[in-house]
Amino acid sequence: MTEMSTTIGLANLGNTCFLNVVLQALRLSPPLCDMFLTRKIEPRQESNKKQLLEAFQIIIRDFWRHSLPPGAKPTLNPRGFHGAFLRTIQESGDDWHRYGQQSDAAETIQYILNGLHDAMYKKVIMHVIGSVKNPEEQAYIKAIESWNVFFSKEYSPIIENYNGQTQTEVICDTCKVVSTRYEPWLMLKVPLPGGDMPNRTKLDATLTDCLNLAFADESLDDYQCDACKTKGKATIRNRISRMPDTIILTLKRFTNSMQKVGGKVVWDIEQFDFRPWMAFRGDPFNKIYVPPIYETTALIEQQGSFRGGHYRMYAKQEQQWYEYDDNDIRNVPGETATGCDAYIAFLSRKNRIESMNLQTLHHIQALRASQPIKPQAAAEA
Ligand SMILES: [Zn+2]
């Protein structure tokens, strides 16, 4: 067993499997290792998410600081983080989760990452450099400018590493003039075909079907066009204009009436190509174009109903898949992981994975050599 494949369980503190799978998935996500293993982050003093960030840094380091003997089945007690998580929710007045309650893992990821962002953000100055050679590059400028408007006052490594952006074009059917806007997202949320049908409990779909549905053209009947000053039909087209190196993808398994849509969604775990849903042939945000082809590195599965379910997480560490079920971890064949009713998937850009993992490995080695933070909850071997 090498450093990267350290498997360590988390004690269940009473309906906390939703939080355990989220913590496991986040601590295995290379950008968060880069942020939290390398140096102690001083939270922004005005942020009401300070203690969440401090507790997160402690638990991420606790996960990685121990060298484990082969065959060890260690369990970490996440009570320090759990307490800070509950206090943050209570003290911030973010009334979405109560102690002892089962909660939604996607909402939890969003809450933790938004909280870390809040405790870390800084004002930045963003410049657009280079010259425009064609209409596509003209559009790049608009995508970057919109990004600046959203984030220049509040920028963080969370935004840099996890946020994507969608381009929305509204095309007037009368004069064909296109009006464009851009919006950022933290998680890519995709619907399931037929997921809005009442009593739909099974499906057999591909991720391609889900993305086709998410990015299908919509039509507007009463669009007020600024160009031709008429009111009439228009077409809305959504495409992805920015893809981060790590994507957190959520399959909308819960209908508006909180009914669960079960069943498998199939895709190529080794390499999934997002090019059909991209706005541009190039990349406005990176000088060097790298195709948006992604490898799936972790999957979160929810079993049961909305409130009464259980969560498990599957992660690929050094070519081996592991199943994380609270304090219980086991090696599983890849088919077991990919055969689950995935709810949330973590994907990494294929040709950046190796360098991201290598960097994380350096951080882990440096952490173990220095151990600068005293653990709050020590791992019990
Ligand atoms: Zn028009």
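Atoms within each ligand, like the ligands themselves, are counted from 1 in listed order. Model, not experiment: these values are computed from the prediction.
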Of Asp326, Leu299, Val21, the one forming a side chain to side chain contact (heavy atoms under 4.5 Å, CB included) with Met313 is Val21
My understanding is that only residues two or more places apart in sequence, or in another chain, count here; which of them pass ring pair (Phe, Tyr, Trp, His ring centres under 6.0 Å) with His97?
Phe18, Phe85
Min side-chain heavy-atom separation Arg275-Arg281 under 4.5 Å
no
Does NZ or CZ of Arg239 lie under 6.0 Å from the centre of the six-membered ring of Trp277, at an angle within 45° of the ring axis?
no
Check for me whether Arg368 meets the cation-pi criterion with Trp64, that is, NZ or CZ under 6.0 Å from the six-membered ring centre and within 45 degrees of the ring axis.
no
Quick one: do the Ser47 and Asp118 side chains pair a donor with an acceptor below 3.5 Å?
yes
Could you pull out the N/O/S protein atoms under 2.8 Å of the Zn ion (ligand 1), ignoring any water?
Cys172 SG, Cys175 SG, Cys225 SG, Cys228 SG
